[in-house]
Amino acid sequence: MCGIISYIGKQDALQILIKGLKCVEYRGYDSAGIAIGDEQHPFRIERSVGYIENLIKHVSPLGLKGHVGIGHTRWATHGGIFEKNAHPHVSNDKKFILVHNGVIENYAALKATLLKTGVKFYSDTDTEVLVNLIAQYYQQLEQLPTSQRFEESVRKSLAEVQGTYGIVVICTDCPNELIGVRKSSPLVLGINPDGLFLGSDVGAFSGHIENVVYLSDHEMVHIKGMDYQITDLMNGSVTSPSLETIDREQNTADLGDFPNYAKKEIFEQGTALGNMYLGRFSSDGSSAHLGGLQITPYELRQVERILLLGCGSSLYASKIGASLIETYARIPVDVEYASEFCYRNAPLNKNTLVFVVSQSGETLDTLNALREVKRKGFPTLAITNVVGSTIAREAGCGIYLHLGMEVGVAATKSFTGQVGMLALLALYLGRMRDMSFTDGRQFVQALQSLPQKVDEVLALCDKPMQKLAKTYVDYQHCFFIGRQMLYPVAIEGALKLKELSYMHAEAYPAGELKHGALALIDPSVLTIVLATNEEVMGKNISNMMEIKARHGKVIAIGLEGCEIPQKAYDEVIYLPKVYPALLPIITVLPLQLFAYYLASERKCNVDKPRNLAKSVTVE
Ligand code: F6R
C-alpha cells in the first residue's frame, strides 16, 4: 500500500519519478505527489488527487527542475482522499519533506504533544506528525554538523514511533542528500553509475538499474550525492550492504496488444504456468523437482501436518492446495487467514511444516504470520512470485512461482500459479509416501499438458463469457456455489466479481445454500454453479434444480460428457475433461473472464479497482 520512488543523481529527477510512480501505482492510486529540487533549485512540492495521470497533467506545464526528488502514490489510511492528505508532507518550518508508506499507530499521542508546542497541521495524516517530529528534533540538535543532525533527527524521531514505515526524507539544508528507513514496509535501494534510487520495490526503477540492496527492517540508508551508507536505525552501527543483481526482464511488464493488464494476465496464464513448471519435473517423469525447498526427503517424511497461511486469493489457492495435498499425499493440512493466525496463539503440533503463500511477498499480515511461526521455532517456507520480496527473504527458503510480474490489482495468473504449484507440491509429497510411480507419471503428464489446456479453455470461454456478461450486467447479486475443491474456486470467483465489477457476490459450498441463503433466491439473483466435478454431479444438479424451483437464474459450468438437464439452468458452458487435480484451475478461468467482461461492461477500471491496492502492507 502506497508506492515510493526517490532519486538522486545526474539526470533530471522529474521523468524518473513519473516513470517510477507509474510502476508503483498498483500499490495505491488515491493521490500522488512529488518533491523536486537540488542545490540550485529550491524544492517544490506538487500533488494531485487520483491517478498518476492527473499528477502528470498538473506538473507538465510547471517546468520543475532538480536532480533530487521523492515521489509517492497513496492508498489512503489516515485521512480522506483529498489533496491536503497527499504526500509528500512538509514540516511547518519547510525544512523537511517526507513520503511514507505504512501506519504510525501512536500518531494521535505524538500529534497531541506537537500541538502543545505550537505545531500546526494541514492534513489528517499520520505522516505529517512524523515530518514535524523530525523538524523538532532537528531544532534541538543544532550542535551537530548539518548532515549528522539530519540523520540523528530522523533516528530519534523514529525511536518514538510505533507502527510501520518505509520513508524517504529530504532535508532542505542538505539538498544533495536523502534518508530512507524501513520497518515492515518495503524499501529497496537501486544503484546505477548515474544515480541512486529508493523505491517500494525494484519495479519502481526497472530499466534503470541492475544492482539493488533490499533494506532490512530497522535499517537506515543515508544517501549523499553518489555515496550511501546503511546503518542500524537503533544504534547507528554501520551494516555492510549485500548487493544483489536483479533480472530486468522479471521486473517489466509490457501490455503488448492487450487493452489492460487484467486481460493480459488472464490470457497469459497458460504461458505463465509453462514457465513456472520449467525444470520442475523429476528426470524419471514421475515426481517434482523443487530445489528451493531445502528440506531433505527424510525430513519431509517426518512431517505430520502442514499449515498454509495467506490472505485473499492466496488463501483461496491454499484451500485448494490443502485438498490436493490431503488427497494425493494424505498429509493433514490446515489453512488459516494469516491476519487471524497472528493474533490467536494457535497451538501447532510438532512436526508441522508451515508454508506462507503470497504473490507479492510483501503482504504485512502474511509477513507477520511468518514471523510468529518463526518465533515459535517451526520451519517455514514461502511460496511467492516476487524474487527478493520480504517474505521470500525472511522465510529463508521456499518456491518462487516465476510467473512474471502481475500488475493488475486483482490476482489472476498468480492464483492459478499458486494452485499449480501446490499441485506440484502435492505430487512431490505424494511420491514420498503412497503414490505409485505410474500414478506419479500420470500426474506429471497432466501438469505438463496444463498450459495448453488453459489456453484451450480460455479460447473456448472467451466469447460465451463476454455474452453472458452483457446479459447479466444489470444484476445486483450473484452467488457462486461449488463442492469439494470447487468451493474455494467459487470463493475466488465471487472475489473476482466483487473487486473487478463491484457486483455483490457470495460463495457457498453448494450443499449449504439450502441451510439459509436460499431465502435470498428470486428471479433477480444470479447463481453460478461450478459443476465440473463428475463425482458429485448428481448433487450439483439437485442444487441447480432447487434454485430454478425458486425462479433464480443459473449459469452452470459443466463438464463435457456429463449432460446437465436443460431445466436445471438458464445458461451452460461445458469445459473439457482434465485430470481431477487440475479441475480448480480450469474451472476458475470462465469465472475470471465473466468478472472481467462484466466489469468492462460496467466501465470499471479493471486494473485498478476502487479502494484497493496490489500489495497490502498495512494490517
Ligand atoms: C485478490 C487479491 C488479494 C490478494 C491478497 C494477498 O484478487 O489480489 O486478495 O490475493 O491481498 O496478496 P499476496 O498474494 O500478494 O500476499
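Remember, it's 1-based here, ligands and their atoms both numbered in the order they're listed.
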When the ring planes of F443 and Y579 are compared, do they come out parallel, tilted or perpendicular, using 30° and 60° as the limits? tilted
Pull out every atom of ligand 1 sitting under 4.0 Å from any heavy atom of S314, numbered as shown with elements. 10 (O), 13 (P), 14 (O)
Under the ring pair (Phe, Tyr, Trp, His ring centres under 6.0 Å) rule, what do F479 and Y508 come out as? Steps first, then yes or no, please. CA-CA 7 Å; F479 283 114; Y508 277 90; 5.8 Å; yes
Regarding S184 and R371, is there a side-chain donor-to-acceptor distance under 3.5 Å anywhere? yes
Heavy-atom contacts under 4.0 Å between V409 and ligand 1: side chain, backbone, both, or neither? backbone
Quick one: does Q269's side chain have a donor or acceptor within less than 3.5 Å of a partner on I266's backbone? yes
Looking only at protein heavy atoms, which one is nearest to atom 11 (O) of ligand 1, and what is the separation? V616 CG2, 3.9 Å
Indicate yes or no: does R182 engage E219 in a salt bridge with an N to O separation below 4.0 Å. no
Does an N or O from G312, backbone or side chain, lie closer than 3.5 Å to an N or O of ligand 1? no
Closest to atom 12 (O) of ligand 1 by heavy-atom distance, out of T363, L364, L612, is T363
Taking atom 5 (C) of ligand 1 as the reference point, the nearest protein heavy atom with its distance: C311 O, 3.6 Å
Counting each atom of ligand 1 from 1 as listed, which ones have a heavy atom of K496 under 4.0 Å away? 1 (C), 7 (O)
Considering only protein heavy atoms, which is closest to atom 10 (O) of ligand 1, and at what distance to one decimal place? S313 N, 3.1 Å
Heavy-atom contacts with E499 under 4.0 Å: which atoms of ligand 1 show up? List them by number with element. 1 (C), 7 (O)
Pairing donors with acceptors under 3.5 angstrom, does anything connect the side chains of N605 and Y29? no
Identify the protein heavy atom lying closest to atom 15 (O) of ligand 1, giving its residue, its atom name and the separation to 0.1 Å. S360 OG, 2.7 Å
Ligand 1 atoms in contact with S358 (distance to a heavy atom under 4.0 Å): 13 (P), 14 (O), 15 (O), 16 (O)
When only distance counts, is T366 in polar contact with ligand 1, meaning an N/O pair under 3.5 Å? no
Any luck finding a side-chain donor-acceptor pair between E492 and S313 under 3.5 Å? yes
Given the ring of Y472, does K553 sit roughly above its face, with NZ or CZ under 6.0 Å from the centre of the six-membered ring and within 45° of the axis? no
Within a distance under 4.0 Å of any heavy atom of Q359, pick out the atoms of ligand 1 and give their elements. 13 (P), 14 (O), 15 (O), 16 (O)
Electrostatic pair K22-E25, nearest N-O below 4.0 angstrom: no
At under 4.0 Å between heavy atoms, is it the side chain or the backbone of K614 that contacts ligand 1, or both, or neither? neither
